[in-house]
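Just so you know, these numbers come straight off a predicted model, no measurement behind them.
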Amino acid sequence: MTGIGDVMAKRVVSEEEDLGRILFEHMLDGLIASGDIDPRKKTRDQVHREAAALITCRFRDEAPLLFAIDYRDDLLANARVFRRKNSLGISCVLYATWMEHLINGIVVIKLTREGRFSALSVLEVIRSVNPAGKLTWLLPLVGLPRLSEGHTAVLKELVELRNSFVHYKWRMVPLDDNKEHIRLGRLLSKIERTVRYLKRYERRNAYHGFPSAARRRR
């Protein structure tokens with residue numbers, strides 16, 4: 001007969017194994033992003049074995065393990081919640097912030113992996129280029145493919161409406177003037193197609209197309 005202690009012990013072991021898998025997936029993403037592992041022309045099993053060996057070596061050598069906090073899951077989840085609640089201005093701000101985090105991440109990975117720029121220089125690029133530049137000229141300048149014209153247009157409008165909401169001007173309008181709300185609704189009705197497009201763009205250009213359980217959960 002299995003006692004409650006055995007059940008709890010099995011649950012703890014299962015939760016620890018799940019946590020270990022999640023940590024491994026995120027560390028694997030980091031190794032691919034940094035260029036320490038190139039997954040191209042390798043099986044998933046080969047990539048996993050290579051990652052496990054590198055991680056084990058770094059733990060053994062007591063090398064520092066560096067992490068960046070990724071806010072995108074929360075940003076995207078809350079953008080969707082506020083869209084369903086018809087709080088379109090807040091939803092727009094969150095979608096636009098999610099987009100900029102994603103584009104920034106891809107640019108950082110590209111420049112860091114090439115090793116031609118210091119961390120400070122990469123940070124200055126991210127700080128100094130505005131969202132419109134990041135959606136247009138910056139990507140080809142650093143060797144990344146241009147975004148499609150259709151999705152670029154959606155993202156530019158998203159940024160414009162985000163700025164309008166964040167830098168609110170208290171403009172006086174008639175009581176029945178709902179043009180801005182209608183425009184937001186039309187834009188957000190098609191935003192999820194652009195979200196899926198950007199995720200595919202990230203997978204191809206930041207991770208060489210390697211599928212990731214960590215990124216799949218987003």
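Taking the side chain as every heavy atom from C-beta outward, Tyr71 and His101 approach each other to under 4.5 Å. Side-chain contact between Arg162 and Pro131 is present, with heavy atoms from C-beta onward closer than 4.5 Å. Taking the side chain as every heavy atom from C-beta outward, Arg72 and Met99 never approach each other to under 4.5 Å. Looking at Leu155 and Leu158, their side chains come closer than 4.5 Å, going by heavy atoms from C-beta outward. Counting heavy atoms from C-beta outward, Leu161 and Glu180 have side chains that approach closer than 4.5 Å. You'll find the side chain of Tyr201 stays beyond 4.5 Å of the side chain of Ser148, heavy atoms only. Between Phe210 and Ile37 there is no side-chain heavy-atom pair separated by less than 4.5 Å. Side-chain atoms of Ile55 and Leu28, non-hydrogen and from C-beta on, never get closer than 4.5 Å to each other.
The two residues Leu88 and Leu188 make their nearest non-hydrogen contact at O-CD1, 3.7 Å. Contact record, Ala33 with Tyr207: CB-CE2, 3.9 Å, taken as the closest heavy-atom pair. Pairing each heavy atom of His208 with each of Pro39, the nearest pair is CD2-CD, 3.7 Å. Closest non-hydrogen pair, Ser34 versus Asp36, comes out as OG-OD2, 2.7 Å.
The ring pair (Phe, Tyr, Trp, His ring centres under 6.0 Å) analysis of residues 74-100, with sequence neighbours excluded, yields no pairs. Residue pairs meeting the ring pair (Phe, Tyr, Trp, His ring centres under 6.0 Å) criterion with at least one member in residues 133-153, sequence neighbours excluded, are His151-Tyr197.
Salt bridge absent: Lys199 and Glu202 never bring a charged side-chain N and a carboxylate O closer than 4.0 Å. In this structure, Arg21 does not pair ionically with Glu25, as no charged nitrogen and carboxylate oxygen lie closer than 4.0 Å. The pair Arg183-Glu160 meets the salt-bridge criterion, since a charged nitrogen lies less than 4.0 angstrom from a carboxylate oxygen.
With sequence neighbours excluded, the residues forming a side chain to side chain contact (heavy atoms under 4.5 Å, CB included) with Val122 are Val108, Leu111, Thr112, Phe117, listed by chain and number. Residues satisfying the side chain to side chain donor-acceptor pair (under 3.5 Å) test with Asn104, not counting sequence neighbours, are Lys134. In terms of the side chain to side chain donor-acceptor pair (under 3.5 Å) criterion, Asn130 has no residue partners (sequence neighbours excluded).
Between the side chain of Arg113 and the main chain of Ile32, a donor-acceptor pair closer than 3.5 Å is present. No donor-acceptor pair under 3.5 Å is formed between the side chain of Ser91 and the backbone N or O of Ser87. For the pair Gln46 (side chain) and Thr43 (backbone), a donor-acceptor distance under 3.5 Å is present.
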Please report the C-alpha distance between Leu135 and Lys156 in whole Å, then the side-chain angles of each, then the deciding distance to 0.1 Å, and finally whether the side-chain contact (heavy atoms from CB on, under 4.5 Å) criterion is met. CA-CA 8 Å; Leu135 294 172; Lys156 281 184 174 180; 4.3 Å; yes
Go through the steps for His181 and Asn86 under the test side-chain contact (heavy atoms from CB on, under 4.5 Å), then give the verdict. CA-CA 10 Å; His181 191 80; Asn86 208 33; 3.5 Å; yes
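In this structure, the separation between CZ on Arg193 and CG on Leu198 is 13.0 Å, given to the nearest 0.5 Å. In this structure, the separation between SG on Cys92 and CG on Asn163 is 8.5 Å, given to the nearest 0.5 Å. Between the CZ atom in Arg204 and the CD1 atom in Ile106 there is a gap of 9.5 Å [rounded to 0.5 Å]. Rounded to the nearest 0.5 Å, atoms CG (Leu139) and CD1 (Ile103) are 5.5 Å apart. Atoms CG and CG, on Asn78 and Asp73 in that order, are 11.0 Å from each other to the nearest 0.5 Å. The CG atom of Leu138 lies 6.0 Å from the CG atom of Leu141; values are rounded to the nearest 0.5 Å.
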Quiz: residues 47-54 side-chain donor-acceptor pairs under 3.5 angstrom, not counting sequence neighbours:
| residue | atom | partner | partner atom | Å |
| --- | --- | --- | --- | --- |
| Arg49 | NH1 | Asp45 | OD2 | 2.1 |
| Glu50 | OE1 | Lys42 | NZ | 2.8 |

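Cluster membership check: Leu184 does not share its hydrophobic cluster with Val81, using side-chain heavy-atom separations under 4.5 Å among Ile, Leu, Val, Met, Phe, Trp and Tyr. No single ILVMFWY cluster, assembled from side-chain heavy atoms under 4.5 Å apart, contains both Leu123 and Val125.
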